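Structure provided below as structure tokens; questions to follow.
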Amino acid sequence: MTFPLGSHTASPNPLDDARALGAGALQLTLGDPQSWKKPAFAVPSFREDAQAEGVAVFVHSPFVLNVASTNNRIRIPSRKLLQQHVDGAAEIGAQGVVVHGGHVTADDDPASGVANWRKCIDGLEIQVPILIENTAGGNHAMARHLDALARLWEQVAASDNAPNVGFCLDTCHAFAAGLSMETLVDDVLAITGRIDLVHLNDSQGGPGSGVDRHANLGEGLIPPEMLVEVVRAAGAPVILETPGGVEAHARDLEWLRARL
Ligand SMILES: [Zn+2]
């Protein structure tokens with residue numbers, strides 16, 4: 001295995017969880033994920049320690065952020081917040097900043113959401129790559145269905161900043177979105193040309209349900225062999241965002257390692 005495995009952690013010292021799991025990667029937020037506040041992550045010597053211990057670090061940006069929005073009062077603060085998180089990620093030596101694809105409303109032309117993404121990407125100072133994540137639900141999402149993702153990526157690819165825009169594939173979101181799990185990695189790669197990170201989650205919601213409810217590996221509705229196959233085929237770092245803390249994540253990692 002050449003790619004690191006790890007989990008999302010909300011621990012005050014995130015490396016404690018990675019150590020307990022024997023993980024080669026971790027994901028964290030730089031502040032309250034539901035907040036618009038400027039990130040304030042200040043664990044002493046985190047960057048140096050993560051580097052010394054060989055732990056790949058990923059930052060998840062706040063869920064409130066929606067750079068696709070046609071509403072100025074959401075879109076403009078979203079861009080600002082994303083930039084702050086990219087800056088914060090650079091400070092702690094992270095490899096990527098995960099950001100959800102976002103959505104427009106039923107009254108909007110999806111093309112305006114895609115255009116907003118392009119402006120955001122063009123205007124960002126991307127010292128750390130942003131990784132756009134597929135989402136589970138909504139009919140006006142930028143990165144739920146493959147045709148929408150293809151429209152989005154046309155614009156991503158046309159930006160001068162394209163080399164610093166990657167993709168984060170979430171298995172729960174893909175399954176709940178109704179995407180084919182058998183061909184998922186190939187289908188995504190045909191559009192984006194890259195998968196930089198896998199969010200490995202089982203799903204409580206059924207195929208096409210649009211329900212974003214993560215489950216521990218083997219305890220949801222995704223056939224186990226398909227979860228494993230996505231990990232193998234993507235060949236990218238893997239982060240669990242499954243329920244529970246270190247103990248549950250240890251079980252999930254064991255589940256995965258036993259099958260890889
Ligand atoms: Zn995710």
Side-chain angles (χ1 to χ4, degrees), residues 3-10 14 17-18 21 23 25-34 56-68 78 81-82 85 89 94-103 128-138 141-146 148-149 152 165-179 181 184-185 187-188 192 194-205 207 209-217 219-222 226-228 230-231 233-234 236-245 248-249 252-253 256:
F3 45 87
L5 312 177
S7 73
H8 184 88
T9 169
D17 284 5
L21 292 168
L26 65 81
Q27 177 179 275
L28 47 76
T29 59
L30 298 178
D32 177 355
Q34 303 293 351
V57 175
F58 295 90
V59 167
H60 202 302
S61 62
F63 302 115
V64 291
L65 197 156
N66 181 10
V67 300
S78 290
L81 195 60
L82 181 55
H85 281 260
Q95 292 190 8
V97 177
V98 176
V99 52
H100 286 182
H103 57 90
V128 175
I130 61 166
L131 310 178
I132 302 178
E133 178 177 1
N134 63 308
T135 53
M142 296 291 107
R144 174 185 177 176
H145 297 296
L146 293 174
L149 184 63
L152 174 60
V165 181
F167 189 73
C168 171
L169 177 60
D170 187 304
T171 52
C172 169
H173 298 175
F175 182 75
L179 306 188
M181 298 303 283
L184 182 62
V185 168
D187 290 346
V188 167
T192 65
R194 59 193 280 183
I195 294 173
D196 300 80
L197 180 65
V198 171
H199 278 171
L200 188 67
N201 304 307
D202 209 331
S203 174
Q204 293 184 42
S209 63
V211 172
D212 181 4
R213 214 165 292 146
H214 300 186
N216 293 97
L217 305 183
E219 293 178 16
L221 298 172
I222 305 179
M226 287 181 190
L227 285 172
V228 178
V230 167
V231 169
V238 172
I239 292 289
L240 301 163
E241 296 174 318
T242 50
H249 291 156
D252 282 333
L253 283 180
L256 178 61

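Counting starts at 1 for both ligands and their atoms, following the listed order. Just so we're clear, the structure is a prediction, and the values are computed from it rather than from any experiment. Each residue takes its place number in the sequence, starting with 1. Scope of the values below: all heavy atoms of this structure, side chains included, with no hydrogens, waters or symmetry mates.
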### Query
Hey, does the side chain of Asn201 reach the backbone of Cys172 with a donor-acceptor pair shorter than 3.5 angstrom?
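No, because the side chain of Asn201 does not come within donor-acceptor range (under 3.5 Å) of the backbone of Cys172.
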### Query
With a 4.5 Å limit on heavy-atom distance, are the side chains of Thr29 and His85 in contact?
no
### N, O or S atom within His199 nearest to the Zn ion (ligand 1), by name
ND1
#### Entry: ring-ring contact (aromatic ring centres under 6.0 Å, His included) partner of His214, the single match among His199, His8, His173
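When ring-ring contact (aromatic ring centres under 6.0 Å, His included) is applied between His214 and each of His199, His8, His173, only His173 qualifies.
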### Atom nearest to the Zn ion (ligand 1) - Glu133, N, O or S atoms considered
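Looking only at N, O and S atoms of Glu133, the one nearest the Zn ion (ligand 1) is named OE2.
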### Task
Report, rounded to 10°, the angle at the Zn ion (ligand 1) between the two atoms OE1 (Glu241) and OD2 (Asp170).
90°
### Task
Decide if atom CZ of Arg213 counts as having more than 12 heavy atoms of other residues, nucleotides or ligands within a radius under 6.0 Å.
no
### Message
Looking at the Zn ion (ligand 1), is there an N, O or S atom belonging to His60 that lies under 2.8 Å away from it?
### Response
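Checking the Zn ion (ligand 1) against His60, no N, O or S atom falls under 2.8 Å.
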